[in-house]
Every structure is written in C-alpha cells, then in structure tokens.
Amino acid sequence: MTGGKELVNGTDLNPACALYEILTDTEWGYGQPSSDVDLTNFRAAGATLYDENNGWSFLWDAERDLADIVREIERQIDGVLLWNRNTGLWQIKLIRADYSLMSLPAVDESVLVRDGVREWSKSSWDDTFNQAFVHFSSVNPNTGDWQEATVNEQDQIGRAHV
C-alpha cells in the first residue's frame with residue numbers, strides 16, 4: 001500500500017496488506033514471490049477497504065492454519081483471495097455492487113437451446129428451491145497442487161411461503 005493506507009484509522013492493518021504478507025512472507029507465510037501478486041489489484045482493493053474504514057486486527061495466540069486466517073479475512077472484507085489463471089497472479093476480488101444489471105447476460109429459452117438443453121419442465125411450488133452448483137479449481141496451500149471441488153447450496157425458502 002502507498003500513501004499511508006497501510007493502517008486504517010491509525011491502528012488496524014489494511015486487510016489487503018495482511019493478505020499480501022500471508023502470501024509473500026517466507027518465515028511464516030506461504031513464501032510466494034512478490035512478482036506473483038497483482039500489486040495494482042491489491043492497491044485498488046486496499047484503497048477501497050481503507051475508504052470503507054475496514055481495518056483488520058487479529059491476536060494470533062495459538063497454532064492456526066494460514067488458510068483459516070485467509071478465510072477469516074475474506075469473510076470480514078466480503079471478498080476472496082484468488083489465483084487468476086489468465087494473468088498468473090494473485091488478486092483480491094471484493095464482492096461489491098460494482099456492476100450494472102443491464103450488463104449481465106440474460107438466460108432464457110434461446111440460450112438453453114443454443115447450449116444443447118433439449119428438454120426441461122416446470123415444477124409445482126412444492127418442488128421449488130433455489131440451488132447452485134459451483135465447480136472451481138484452487139491451489140492447495142500445503143502442496144501447491146491444483147485441486148478441483150464442487151459446492152452445492154440449496155435454499156428452500158420458497159416452500160415456506162406456499
């Protein structure tokens with residue numbers, strides 16, 4: 001960080017700086033080379049966190065896996081630390097309303113037909129629920145190997161209103 005944005009409110013560490021240290025520190029961090037970090041992206045995320053008064057304080061008084069600390073920071077900042085396969089650099093993606101609804105792609109029957117979906121049917125309210133499957137790749141911080149994972153989340157709140 002530059003311009004004094006390393007500390008938020010003069011006392012708390014900027015979470016972007018904490019993530020940078022976790023990635024690059026060779027003594028207690030992951031020891032990644034700083035050349036593998038998208039510094040422009042980290043500075044932009046850090047500036048946003050600074051402007052939001054989102055500082056991070058943490059008492060590390062017991063043995064704890066670095067991945068747990070990263071997840072705690074991600075939870076606090078409402079964002080993720082990710083390896084961008086396109087750029088080959090570590091980046092921070094903050095989950096913010098930084099998009100236009102009109103710019104998002106629309107999915108309708110024409111998209112389903114184009115993408116090879118041949119058959120679909122509508123369900124009754126009793127059968128409805130929101131479900132998302134997210135398939136992703138991530139680097140195992142202990143081995144450095146890529147691993148594939150899928151997360152499934154269901155929300156059946158629609159059934160409560162029937």
Side-chain angles (χ1 to χ4, degrees), residues 1 5-6 8 12-50 52 54-101 103-107 111-120 123 127-158:
M1 297 272 61
K5 294 185 178 182
E6 301 85 4
V8 178
D12 298 324
L13 183 62
N14 190 313
C17 294
L19 290 171
Y20 178 84
E21 284 299 317
I22 289 170
L23 280 174
T24 61
D25 191 279
T26 56
E27 185 177 336
W28 57 267
Y30 290 126
Q32 297 290 313
S34 59
S35 59
D36 284 355
V37 178
D38 184 340
L39 294 177
T40 301
N41 167 268
F42 267 64
R43 285 187 186 113
T48 298
L49 296 167
Y50 181 86
E52 294 173 348
N54 192 339
W56 188 67
S57 294
F58 181 76
L59 176 61
W60 197 347
D61 61 352
E63 187 173 324
R64 197 159 173 198
D65 189 55
L66 281 176
D68 292 337
I69 295 171
V70 169
R71 280 190 293 276
E72 181 63 26
I73 295 171
E74 289 174 328
R75 184 199 59 76
Q76 178 184 319
I77 67 174
D78 197 16
V80 293
L81 175 66
L82 59 91
W83 175 257
N84 185 326
R85 288 185 179 187
N86 295 322
T87 64
L89 298 173
W90 287 100
Q91 295 181 330
I92 299 171
K93 175 60 180 149
L94 299 175
I95 314 299
R96 303 294 187 271
D98 57 355
Y99 59 89
S100 161
L101 285 177
S103 69
L104 298 176
V107 178
V111 173
L112 296 175
V113 170
R114 180 197 73 208
D115 290 347
V117 176
R118 303 273 185 244
E119 203 175 295
W120 63 89
S123 303
D127 297 327
T128 62
F129 58 91
N130 297 322
Q131 178 170 279
F133 289 94
V134 178
H135 184 74
F136 61 96
S137 302
S138 64
V139 174
N140 182 321
N142 297 320
T143 66
D145 296 331
W146 283 98
Q147 58 191 20
E148 304 293 322
T150 301
V151 176
N152 175 21
E153 185 64 34
Q154 293 183 358
D155 176 10
Q156 296 182 340
I157 193 66

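Each residue takes its place number in the sequence, starting with 1.
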Apply side chain to side chain contact (heavy atoms under 4.5 Å, CB included) to [X] and list each qualifying residue two or more places apart in sequence or on a separate chain.
X    : result
Q76  : P15, N54, W56
D145 : T143
L59  : D61

Note to self: For N142, give me all partners under side chain to side chain donor-acceptor pair (under 3.5 Å), at least two apart in sequence or on another chain.
What the structure shows: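 N142 satisfies side chain to side chain donor-acceptor pair (under 3.5 Å) with no other residue.
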
Looking only at heavy atoms, what is the nearest atom pair of [X] and [Y], with distance?
X   : Y   : value
N84 : N86 : OD1-N, 2.7 Å
L49 : A16 : CD1-N, 3.9 Å
A18 : I73 : CB-CD1, 3.9 Å
R96 : T48 : NE-CG2, 4.5 Å
V8  : N14 : CG2-CA, 4.1 Å

Measuring from [X]:[atom1] to [Y]:[atom2], what's the distance to the nearest 0.5 Å?
X    : Y    : atom1 : atom2 : answer
Q147 : S137 : CD    : OG    : 9.0 Å
S35  : L89  : OG    : CG    : 8.0 Å
L19  : W90  : CG    : CH2   : 10.5 Å
L13  : E6   : CG    : CD    : 9.0 Å
L82  : K93  : CG    : NZ    : 9.5 Å

- Item | Chi angles and distances behind the side-chain contact (heavy atoms from CB on, under 4.5 Å) call for Y20, Q32 | CA-CA 9 Å; Y20 178 84; Q32 297 290 313; over 6 Å; no

My understanding is that only residues two or more places apart in sequence, or in another chain, count here; which of them pass salt bridge (charged side-chain N to carboxylate O under 4.0 Å, His left out) with E21?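 E21: no salt bridge (charged side-chain N to carboxylate O under 4.0 Å, His left out) contacts found.
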
ask   = Can you find a pair of side-chain heavy atoms, one from L23 and one from F42, that are under 4.5 Å apart?
value =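 Of all side-chain heavy-atom pairs linking F42 with L23, at least one is under 4.5 Å.
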
Query raised in the report: Tell me, which pairs form a salt bridge (charged side-chain N to carboxylate O under 4.0 Å, His left out) where one or both residues lie in residues 71-83, sequence neighbours left out?
Result: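 Residue pairs passing salt bridge (charged side-chain N to carboxylate O under 4.0 Å, His left out), neighbours aside: D68-R71, E72-R75.
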
| Can I22 and W28 be said to form a side-chain contact (heavy atoms from CB on, under 4.5 Å), step by step? | CA-CA 8 Å; I22 289 170; W28 57 267; 3.7 Å; yes

| task | Could you tell me whether the side chain of W83 and the main chain of R85 form a donor-acceptor pair under 3.5 Å? | result |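 Not a single qualifying donor-acceptor pair exists.
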
Stepwise side-chain contact (heavy atoms from CB on, under 4.5 Å) test for I92 and V80
CA-CA 6 Å; I92 299 171; V80 293; over 6 Å; no

